[in-house]
Amino acid sequence: MTRVAVIAGVGPTIGAAVARRFHDDGFAVALLARSEEYVRTLAADLGGDAVAIPTDVTDDAAVEAALERVRDELGPAGVLVLNASGGGGNPVDDASADRLRELFDVRVAGSMACVRAALPDLRETEGTVLFSGTTFAEPPVTAQVEWGAVAPAARGLALSLDAALDDVSVTYVRIGSPVRPDAGPTAIDATALAAEYRRLVDHEGIATREIDVRKR
């Protein structure tokens, strides 16, 4: 049976590269994002076994419906990549509770909604959850204080889920450098990062709770 990867938060950098890598390796891929035009274009470019599902991860009902569609059209999810970010924060004088809530809803609550919706399938397949994480909030981030609160919360969710789930592997990928479609002097090539995500899925007898990735 074809293995299924769900990428939640598909943009032109990490999300697209991860989708391409898994699809090239024979996975059926479901592309979840708020940008309907982008995911439909990408799915058409990938071809067969690529499905665009416009989804707002902050809408629990929409997430449930998206995973039900994945199940019906592709099969049970064996990989869930959590890549929705919601943007960045602000310096303290411009920071707001509303912005913090927006980021939390996308990055933390949205990730939880995706895991909950996919969990029966992930348990059935003994699957893998990969969080696109960051080192950016360590040490504290004075330029983006809302993000400085939300990034550690996302990491905490990933580590807690990994400890709680015996039958599903959860890995938090701590990205310590900018990611670009093409590598630069200080940036990680998105294709190389996608290859690392792919490697984390086939982990015979090995569990990776957290991994650091940065420009060499």
*Between atom CZ of Arg209 and atom CG of Leu159, what is the distance when rounded to the nearest 0.5 Å?*
6.5 Å
*asked:* Is there a side-chain contact between Leu165 and Val170 in this structure, where contact means two heavy atoms from C-beta onward sitting under 4.5 Å apart?
replied: yes
*Over all heavy atoms of both residues, which pair between Ala30 and Ile53 is shortest? Give the atoms and the distance, please.*
CB-CD1, 4.3 Å
*Are Ile14 and Leu32 connected in a single hydrophobic cluster, I mean Ile/Leu/Val/Met/Phe/Trp/Tyr linked by side-chain heavy atoms less than 4.5 Å apart?*
no
_Under 3.5 Å: donor-acceptor pair, side chain of Lys215, backbone of Gly184_ = yes
*Closest approach of Asn83 and Gly9, non-hydrogen atoms and distance?*
ND2-O, 2.8 Å
*Rounded to the nearest 0.5 Å, how far does CD of Glu64 lie from OG1 of Thr55?*
11.5 Å
*For the pair Val129 and Ser169, evaluate side-chain contact (heavy atoms from CB on, under 4.5 Å) and give the outcome as yes or no after the intermediate values.*
CA-CA 6 Å; Val129 178; Ser169 174; over 6 Å; no
*Hey, does Val145 have a side-chain heavy atom less than 4.5 Å from the side chain of Pro91?*
no
*Can you check whether Phe136's main-chain N or O pairs, donor with acceptor, with Thr134's side chain at less than 3.5 Å?*
yes
_Side-chain touch Ile7/Val79, heavy atoms, less than 4.5 angstrom_ = no
*Charged N to carboxylate O below 4.0 Å: is that the case for Arg40 and Asp45?*
no
*Using distance alone, with no hydrogens and no angle criterion, decide if Thr58 and Asp105 have a side-chain donor and acceptor under 3.5 Å apart.*
no
*Please report the closest heavy-atom contact between Leu31 and Leu46, naming both atoms and the distance.*
CD1-CD1, 4.3 Å
_Ser177 to Thr186 - nearest heavy-atom pair and separation_ = CB-O, 3.8 Å
_When you compare the side chains of Gln144 and Asn90, does any donor N or O come within less than 3.5 Å of an acceptor on the partner?_
no
*State, to 0.1 Å, how close Phe104 and Ala153 come at their nearest heavy-atom pair, and which atoms those are.*
CE1-CB, 4.1 Å
*Can you check side-chain contact (heavy atoms from CB on, under 4.5 Å) on Val51 and Val70, steps first, answer last?*
CA-CA 8 Å; Val51 176; Val70 172; over 6 Å; no
*Verify whether one side chain among Ser132 and Tyr197 offers a donor that lies under 3.5 Å from an acceptor in the other.*
yes
*asked:* Does this structure show an ion pair linking Asp98 with Arg101, if we count only N-O contacts that are shorter than 4.0 Å?
replied: yes
*Consider only side-chain heavy atoms of I, L, V, M, F, W and Y, link residues closer than 4.5 Å, and tell whether Phe131 and Val213 are in one cluster.*
no
*Verify the cluster assignment for Val201 and Leu80: are they in a single hydrophobic cluster under the rule of side-chain heavy atoms below 4.5 Å apart?*
no
*Listed by chain and number, what are the side-chain hydrogen bond (donor to acceptor under 3.5 Å, both in side chains) partners of Arg116, not counting sequence neighbours?*
none
*Cluster question for you: counting only ILVMFWY and a side-chain heavy-atom cut-off of under 4.5 Å, with indirect links fine, are Leu103 and Met112 together?*
yes
_Rounded at 0.5 Å granularity, tell me how far CZ in Arg214 sits from CG in Leu193._
13.0 Å
*Heavy-atom neighbours of Glu126 CD exceed 12 at 6.0 Å*: no
*Which heavy atom of Glu146 sits nearest a heavy atom of Asp94, and at what distance?*
OE2-O, 4.4 Å
*Using the side-chain contact (heavy atoms from CB on, under 4.5 Å) rule, take Val108 and Val150 through it: C-alpha gap first, then chi angles, then the decisive distance, then the call.*
CA-CA 7 Å; Val108 184; Val150 170; 4.0 Å; yes
*Drop me the distance from Thr2's OG1 to Leu74's CG, to the nearest 0.5 angstrom.*
9.0 Å
*Kindly state each residue pair satisfying salt bridge (charged side-chain N to carboxylate O under 4.0 Å, His left out) with at least one member in residues 183-193, sequence neighbours excluded.*
none
*Test salt bridge (Lys or Arg N to Asp or Glu O under 4.0 Å) on Arg123 and Asp166 and set out the steps.*
CA-CA 9 Å; Arg123 282 178 161 152; Asp166 294 331; over 6 Å; no
*Could you tell me whether the side chain of Arg99 and the main chain of Gly88 form a donor-acceptor pair under 3.5 Å?*
yes
*Is a donor on one side and an acceptor on the other found under 3.5 Å between the side chain of His23 and the backbone of Val18?*
no
*Val106 and Ser85: CA distance, side-chain angles, deciding distance, side-chain contact (heavy atoms from CB on, under 4.5 Å) verdict*: CA-CA 6 Å; Val106 173; Ser85 69; 5.7 Å; no
*Report the distance from atom CH2 of Trp147 to atom CZ of Arg107, rounding to the nearest 0.5 Å.*
5.5 Å
*Decide whether Val29 and Leu42 are clustered together by the hydrophobic rule: side chain heavy atoms of Ile, Leu, Val, Met, Phe, Trp, Tyr closer than 4.5 Å, transitively.*
yes
*Do Val4 and Phe27 have side-chain heavy atoms sitting under 4.5 Å apart?*
no
*asked:* Please report the interatomic distance OG1(Thr171) to CD1(Ile211), rounded to the nearest 0.5 Å.
replied: 7.5 Å
_Contact check, side chains of Arg198 and Asp25, non-hydrogen atoms, under 4.5 Å_ = yes
*asked:* Is any side-chain heavy atom of Thr125 closer than 4.5 Å to one of Val168?
replied: no
